[in-house]
Amino acid sequence: MARRALVLIEGSRGNGPLYVQAAQRLGLHPVTLSADPTQYDYLAAERLEAVRIDTDDPDALIHECSRLHEVYDIAGLTGFPNPGESVHATVGKLCRHFGLPGPNPTSIERCCDKFTQRQLLAEAGVPMPVYRLAMNATDVESAAAAIGFPVIVKPAVGNGSYGVRLCRDVDELAEHTSYLLGGQHIWRSSPRILVEEFAQGPYYCAHIMGNEVIGIEACDFGLPPHFVFNGGIFPAPLADDEHKRIAGVSLSCLRALGLGWGPTCIEFRWTKRGPVVIEVNPRLSGGPQPVQLAYGVDLVTEHIKLVIGDGWNLRRRHSHVAAWRSLLPDRDGTLDWIDGHGRAAALPGVAEVKLYVEPKTPIVRKSDYRDYLGYVLVASPSLAQTEAILQRAVNLIDWSITPFLSLSDKE
């Protein structure tokens, strides 16, 4: 009898290992298809099967999956948003081709285009920031003038905070527009830019499986003008009516976009007019572990069960509070050393301390998720206890970065 396999399109340094481990616990053999498998360290470290292939080529993927089917019983197929959310549409098309459970590719494609997403949500009356689509620098300038500063300027297609910036005046707007359109930003399609009102207020993320809101997380960012996550608390300390309002708007988003199969995470800002939708992502969040620590619900495992056609279980097993903090560099340079992570990991209540870097690594901040040196994840029965454990753990970790030599220094 052929071994059951789970095919993974591309990978992720965050969720990738979680999917591999969950698949193995379920008795599945994970196989990764990637344009460059070497970018995912865990594949080589765990000696996992990986195939180098152009994941933008549907015919090549169909051919490779057909070849794998001769060796394995392909139980299911899913993927990761690397380099973009369009991977999930590809997954949906492959699932339909091979008769496997999967998301609706048309719904995913509409959701991945942030301008189309905005239009569909607007038609459904979902509260959102004011927005405009721009094709060139003149359009960007006109849109910002119509909306009023400050504005958010970002690619209409993309993820991971790539190219997203708060522009507070004309000079910052011109600088970022030049960055996006001047050849520094990599476009996977024709350049299209969204200019949006800066919705100000606390940030929340709704974690959803199918049509069920599992819970809502509160997060914060590092210093503007960029949006790199600094940390989060799950579940968010919300009043019941606030939770109900965010959950209600979340379900409206699913209906408007034709989603509701598998995982979705929806980002909000709580403004003077209540929750407004910043973005709908047709996938798990980049960090589902807090949900498992707080509620005992392993969203990765339950997603895989759905992918392979098994029944899932989203029942809460306990009610704790989880929190995490990113380890972010304050300068570019060479990482001399990083220490204290072992002592932090040994503290009661610390679930994980993860480092992405080693000494002598060059640090060049890109103002997106690639800036993370690592993170600390904790949980306890109460919010106050969780916050105290997290702060104590973070205080134990320190590092030194020597700035790169400037041209004048070299002379």
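Values below: every heavy atom of this structure, side chains too, minus hydrogens, waters and symmetry copies. Please read all numbers here as calculations on a predicted model, not as lab measurements. The first residue in the sequence is number 1, and the count goes up from there.
Checked by atom type, the side-chain pair D113/Q117 shows no donor-acceptor distance below 3.5 Å. When only modelled atom types and interatomic distance are considered, T38 and D36 share a side-chain donor-acceptor pair under 3.5 Å. Checked by atom type, the side-chain pair E267/N281 shows a donor-acceptor distance below 3.5 Å. Side-chain atoms of S380 and T386 form a donor-acceptor pair, as typed in the model, at a separation below 3.5 Å.
No more than 12 heavy-atom neighbours from other residues, nucleotides or ligands sit within 6.0 angstrom of NZ on K354. Shown here is R392, whose CZ atom has no more than 12 heavy atoms of other residues, nucleotides or ligands within 6.0 Å. Annotation for D240: atom CG does not count as buried by contact number, only 12 or fewer foreign heavy atoms lying within 6.0 Å. Within a 6.0 Å sphere centred on CZ of R47, heavy atoms belonging to other residues, nucleotides or ligands number 12 at most. Crowding of K366 atom NZ: a count of heavy atoms from other residues, nucleotides or ligands under 6.0 Å exceeding 12.
In this structure, the separation between OG on S367 and OH on Y179 is 8.0 Å, given to the nearest 0.5 Å. Between the CD1 atom of I208 and the CG atom of L259 there is a distance of 9.0 Å, given to the nearest 0.5 Å. For the atom pair CZ (F149) and CD (E172), the distance works out to 9.0 Å, reported to the nearest 0.5 Å. Residue L94 holds its CG atom at 9.5 Å from CD1 of I74, rounded to the nearest 0.5 Å. Here the CZ atom belonging to R245 is positioned 12.0 Å from the CD1 atom belonging to I216, to the nearest 0.5 angstrom. Residue T271 holds its OG1 atom at 8.0 Å from CD of E197, rounded to the nearest 0.5 Å.
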inquiry  = Assess the residue pair R67 and E64 against the criterion (salt bridge (charged side-chain N to carboxylate O under 4.0 Å, His left out)); give the C-alpha distance rounded to whole Å, side-chain angles, the decisive distance to 0.1 Å, and a yes or no.
reply    = CA-CA 5 Å; R67 186 193 69 79; E64 182 58 31; 2.5 Å; yes
inquiry  = Between I214 and L314, does the side chain to side chain contact (heavy atoms under 4.5 Å, CB included) criterion hold? Intermediate values first, please.
reply    = CA-CA 8 Å; I214 306 301; L314 302 177; 3.8 Å; yes
inquiry  = For H63 and L61: C-alpha separation, side-chain torsions, deciding distance, then whether side chain to side chain contact (heavy atoms under 4.5 Å, CB included) applies.
reply    = CA-CA 5 Å; H63 182 270; L61 288 170; over 6 Å; no
inquiry  = What verdict does the side chain to side chain contact (heavy atoms under 4.5 Å, CB included) test give for R96 and N104, after you've listed the backbone C-alpha separation in whole Å, the side-chain angles of each residue and the deciding distance to 0.1 Å?
reply    = CA-CA 9 Å; R96 292 203 166 185; N104 182 329; 3.7 Å; yes
task = Could you please spell out the steps behind the ring pair (Phe, Tyr, Trp, His ring centres under 6.0 Å) verdict for Y72 and H29?
result = CA-CA 9 Å; Y72 302 108; H29 175 68; 5.0 Å; yes
inquiry  = Go through it in stages, so that I can follow the logic: the residues are L33 and C65, the test is side chain to side chain contact (heavy atoms under 4.5 Å, CB included), and I'd like the CA-CA distance, side-chain angles, deciding distance and then a yes or no.
reply    = CA-CA 9 Å; L33 308 184; C65 288; 4.1 Å; yes
Derivation and outcome, side-chain hydrogen bond (donor to acceptor under 3.5 Å, both in side chains), residues D336 and T402 = CA-CA 7 Å; D336 302 310; T402 298; 2.6 Å; yes
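Side-chain contact between D332 and P403 is absent, with no heavy-atom pair separated by less than 4.5 Å. No side-chain heavy atom of L77 sits less than 4.5 Å from a side-chain heavy atom of L6. Taking 4.5 Å as the limit, every side-chain heavy atom of Q292 sits out of range of all side-chain heavy atoms of V300. Considering only heavy atoms from C-beta on, V87 stays 4.5 Å or farther from P81 through its side chain. Side chains of W324 and V378 form no contact here, defined as non-hydrogen atoms less than 4.5 Å apart. Using a 4.5 Å cut-off on side-chain heavy atoms (C-beta onward), H226 and R365 make no contact. Side chains of D339 and I397 form no contact here, defined as non-hydrogen atoms less than 4.5 Å apart.
Using cut-offs of 30° and 60° on the angle between ring planes, the pair Y42 and Y40 is tilted.
Pairs of residues two or more places apart, or lying in two chains, never qualify as salt bridge (Lys or Arg N to Asp or Glu O under 4.0 Å) while including a residue from residues 206-223. Contacts classified as ring-ring contact (aromatic ring centres under 6.0 Å, His included) and involving residues 239-270 (residues at least two apart or in different chains) are not found. Listed by first and then second residue, the salt bridge (Lys or Arg N to Asp or Glu O under 4.0 Å) pairs that reach into residues 307-316 come to none, sequence neighbours excluded. Among pairs with a residue in residues 81-119, none fulfils ring-ring contact (aromatic ring centres under 6.0 Å, His included), at least two apart in sequence or across chains.
A donor-acceptor contact shorter than 3.5 Å is absent between the side chain of T301 and the backbone of D298. No donor-acceptor pair under 3.5 Å is formed between the side chain of N82 and the backbone N or O of S12. E10 places no side-chain N or O within 3.5 Å of a backbone atom of G79 that could act as its donor or acceptor partner. Side-chain N or O atoms of E175 include none that pairs as donor or acceptor with a backbone N or O of D171 at under 3.5 Å. In this structure, the side chain of H318 engages the main chain of L293 through a donor-acceptor pair within 3.5 Å. Of the possible donor and acceptor atoms, one in the side chain of R269 sits under 3.5 Å from a partner among the backbone N and O of G201. Under a 3.5 Å cut-off, the side chain of T361 and the backbone N or O of V357 do not form any donor-acceptor pair. Panel note: side chain S326, backbone L328; no donor-acceptor pair is recorded below 3.5 Å. Proximity of a side-chain donor or acceptor of E46 to a complementary backbone N or O of L43 within less than 3.5 Å is not detected. Not one N or O on the side chain of R165 forms a donor-acceptor pair closer than 3.5 Å with the backbone of V153.
Among all heavy-atom pairs drawn from L8 and P30, the shortest one is CD1-CB, 4.3 Å. Nearest heavy-atom pair across V213 and S250 is CG2-CB, 4.2 Å. Here the closest non-hydrogen pair linking Q289 and Y375 is NE2-OH, 3.3 Å. Heavy atoms only, all atoms of each residue included: W399 and L335 are closest at CB-CD1, 3.9 Å. Across V276 and A199, no two heavy atoms sit closer than the pair CG2-CB, 3.8 Å. Across all non-hydrogen atoms, the minimal contact from H320 to P381 is CD2-CA, 3.9 Å.
A salt bridge does not link E196 with R132: none of the charged nitrogens is closer than 4.0 Å to a carboxylate oxygen.
No close placement of the Y369 and F229 rings is indicated, their centers lying 6.0 Å or farther apart. Aromatic pair Y372/Y356: ring centres not closer than 6.0 Å.
When the ring-ring contact (aromatic ring centres under 6.0 Å, His included) test is applied to H303, the partners found at least two apart in sequence or on another chain are Y19. Residues that satisfy the salt bridge (charged side-chain N to carboxylate O under 4.0 Å, His left out) test with E279, not counting sequence neighbours, are K114, K154.
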